[in-house]
S.K.: 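Handing you a structure now.
Scope of the values below: all heavy atoms of this structure, side chains included, with no hydrogens, waters or symmetry mates. Protein chains get the first letters and strands the later ones, always in sequence-line order, with residue 1 at the start of each.
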Amino acid sequence: MGANAPGFQGGRFLRARPRWVLLRTDSGGGGTGHGQLRIGGTPLDERLRRHARAVSWWRPPAKGQALELRATEIEVVGWVDDPETYPIQPKQHSFEYLREVAHLRPRTNTFGAVARVRHTLAHAVQRFFHERGYLWIHTPIITTSDAEGAGEMFRVSTLDLLNLPRTEAGEIEWTEDFFARPASLTVSGQLNVEAYCQALSNVYTFGPTFRAENSNTSRHLAEFWMIEPETAFADLSDNADLAEEFLKYIFRALLDERSDDMAFFAERIDRSAVTRLEQFVESSFERMEYTEAVARLERAPKRFEFPVRWGIDLQSEHERYLTEELVGRPVVVMNYPRDIKAFYMRLNEDDRTVAAMDVLAPGIGEIIGGSQREERLDVLDARMDAQGLDRSAYWWYRDLRRYGTVPHAGFGLGFERTVQYATGMANIRDAIPFPRTPGSAEF
RNA sequence: GCCCGCUUAGCUCAGUCGGUUAGAGCACCUGACUGUUAAUCAGGGGGUCCUAGGUUCGAGUCCUAGAGCGGGCGCCA
């Protein structure tokens, strides 16, 4: 068809014949099924330009088609400017290339499938919590607290970079900035959602999160979506139960509701995409103490690049050994050394570990990180002091303990990593519509 | 932040030891065929070999620097 080829979402693939043309139409948000449109009978060029509408049944759909219609007339709404340079062709493109045309890649079947899986998982997340009485709390995007010291943050400012107001000492005069103090994009909604947990019991956040880390891997984004539930009166074991129930729920929903797209991923992207999820939802998670995990790793008949000893944080290679080789199913590692974990994690009786947990899954490693929170103000203060944090900067977080408090626990799940795991997409940049990574935010 | 790799047609790539006019598949254009599913067949057009500098009689090929992209590690979700 060449210059006559309509390149738009409704009709993607077509084949020209002397007297007719076949147009493949996708059913859009409804699914992967497609139909065909046949236009023919008179010379095509005139015909295609004619205004028209009526369609009627042509014949029963062939294999792989949702339906087939016969068009008696057709109007082309948007012509392709230059068919030869149209970036999306009816062939396989590399994902690296498609990232350079992120505005057009949703027209490919792979990114259509990713978008539907994303939607289905997001919907299942909301349903899971809603059915259990959790309230969705919209925590702020802009923050003036360094949340958990979780990493580099993106500055939010309206100051003129070329003419920064200065104090007499030469420091930046933040009182002249929009918020009259340094502000950033949030790295976690946890501290805020804890405030609502202390008032409304079971709550969660689900929204965008930002990390200005210079992380160059296939598992990191500068902007990603995170799910963070917070449960009142829950201890670490309850937290692990919730994480297990939650992951199984959303993956089961995906298998049930998007079997068409999952079959596509299994066929074209990752052969084990479906079986991996089926095994995941059917297996019970192994629980393992950190101390036990270290002992098992030390006995492992395998040489690790990073040697294992009690007190270190587990490396990716250790986590993968535990879940993939030692246990062969998801593992929850619990009660990590105090000194490698955040100040808000609850100190255990032994005084050397905290009630932290990581959920490790075969094929991806850490998928969830969480903890029971420290509800005892004196212990919290001691931990902040030990980590060199300024108590006054966390005054409102401390208030949550000062003015009536209950034990509570929660975790964080990276949504894109979940999409990545479910689909088998190798790079997290292909699990979000418009990825932001160091040096890259074109679209 | 550290280490490694890649960059040749619209896309995916080949290009030997440094040597004549840089190739293939797909895409595009023309033609054949009344039903395709990555159709097929015949013909045709299409190149800043990432950029700059250097070595050489001669550079897509070797050297230096830079840019872009990717992989691994660290940080984490």
S.K.: Using the side-chain heavy atoms of N427(A), tell me which of these nucleotides is nearest: rG70(B), rG74(B), rG1(B).
M.R.: rG70(B)

S.K.: Sequence neighbours excluded, which residues qualify as side chain to side chain donor-acceptor pair (under 3.5 Å) partners of N427(A)?
M.R.: none

S.K.: Using a 4.0 Å heavy-atom cut-off, does T418(A) contact any base of the nucleic acid, only the sugar-phosphate backbone, or nothing at all?
M.R.: nothing

S.K.: Tell me whether the NZ or CZ atom of R276(A) lies within the 45° cone about the ring axis of Y421(A) and under 6.0 Å from its centre.
M.R.: yes

S.K.: Answer yes or no: is there an ion pair linking R383(A) with E374(A), defined by an N-O contact shorter than 4.0 Å?
M.R.: no

S.K.: Regarding E305(A), tell me which of base, sugar-phosphate or nothing describes its non-hydrogen contacts under 4.0 Å with the strands shown.
M.R.: nothing

S.K.: Taking the basic N atoms (NZ, or NE/NH1/NH2) and the acidic carboxylate oxygens, is any pair closer than 4.0 Å for E305(A) and R320(A)?
M.R.: no

S.K.: Say you pick atom C1' in rA38(B) and the same atom in rG23(B); how far apart are they, in whole Å?
M.R.: 23 Å

S.K.: Tell me whether the rings of F411(A) and F246(A) are parallel (<30°), tilted (30 to 60°) or perpendicular (>60°).
M.R.: tilted

S.K.: Counting only distance, no hydrogens or angles, is the base of rC75(B) paired donor-acceptor with the side chain of S215(A) under 3.5 Å?
M.R.: yes

S.K.: On the nucleotide rC69(B), are OP1 or OP2 found under 4.0 Å from the side-chain N or O atoms that R429(A) carries?
M.R.: no

S.K.: How does each nucleotide of nucleotides 3-11 of chain B score, in 5' to 3' order, for protein heavy atoms under 4.0 Å: base (B), sugar-phosphate only (S), or none (-)?
M.R.: -------BB

S.K.: ring-ring contact (aromatic ring centres under 6.0 Å, His included), that's the test. Do F306(A) and H318(A) meet it? Break it down for me.
M.R.: CA-CA 9 Å; F306(A) 294 88; H318(A) 305 141; 7.1 Å; no

S.K.: Which value, in whole Å, describes the distance between the C1' atoms of nucleotides rG60(B) and rU20(B)?
M.R.: 16 Å

S.K.: What's the closest nucleotide to the E213(A) side chain, out of rG72(B), rC73(B), rC75(B)?
M.R.: rC75(B)

S.K.: Does R219(A) make a side-chain N or O approach to OP1 or OP2 of rC75(B) shorter than 4.0 Å?
M.R.: no

S.K.: Paired with rG5(B) by Watson-Crick or G-U wobble geometry, both distances under 3.5 Å: which nucleotide is it?
M.R.: rC69(B)

S.K.: With both distances under 3.5 Å as the test, what is the Watson-Crick or G-U wobble partner of rG44(B)?
M.R.: rC28(B)

S.K.: What is the base-pairing partner of rU64(B), counting Watson-Crick and G-U wobble geometry with both distances under 3.5 Å?
M.R.: rA52(B)

S.K.: Taking rU56(B) as the reference, what is the distance to rG45(B) when you measure between their C1' atoms (whole Å, please)?
M.R.: 36 Å

S.K.: Check every strand shown and say whether I227(A) touches a base, only sugar-phosphate, or nothing at a heavy-atom separation below 4.0 Å.
M.R.: nothing

S.K.: Only counting residues at least two apart or in another chain, list the ones meeting side chain to side chain contact (heavy atoms under 4.5 Å, CB included) with E319(A).
M.R.: L314(A), D358(A), L360(A), E366(A)

S.K.: Watson-Crick or G-U wobble partner for rA38(B), using a 3.5 Å limit on both distances?
M.R.: none

S.K.: Between Q198(A) and E194(A), is any side-chain donor less than 3.5 angstrom from a side-chain acceptor?
M.R.: no

S.K.: Hey, does E416(A) reach any base, or is it just sugar-phosphate, or nothing, if we go heavy atoms under 4.0 Å?
M.R.: nothing

S.K.: Rounding to the closest angstrom, what is the interatomic distance between rG71(B) and rA65(B) at atom P?
M.R.: 24 Å

S.K.: Toward the 5' end of RNA chain B, which comes first, S440(A) or S316(A), by nearest nucleotide?
M.R.: S440(A)

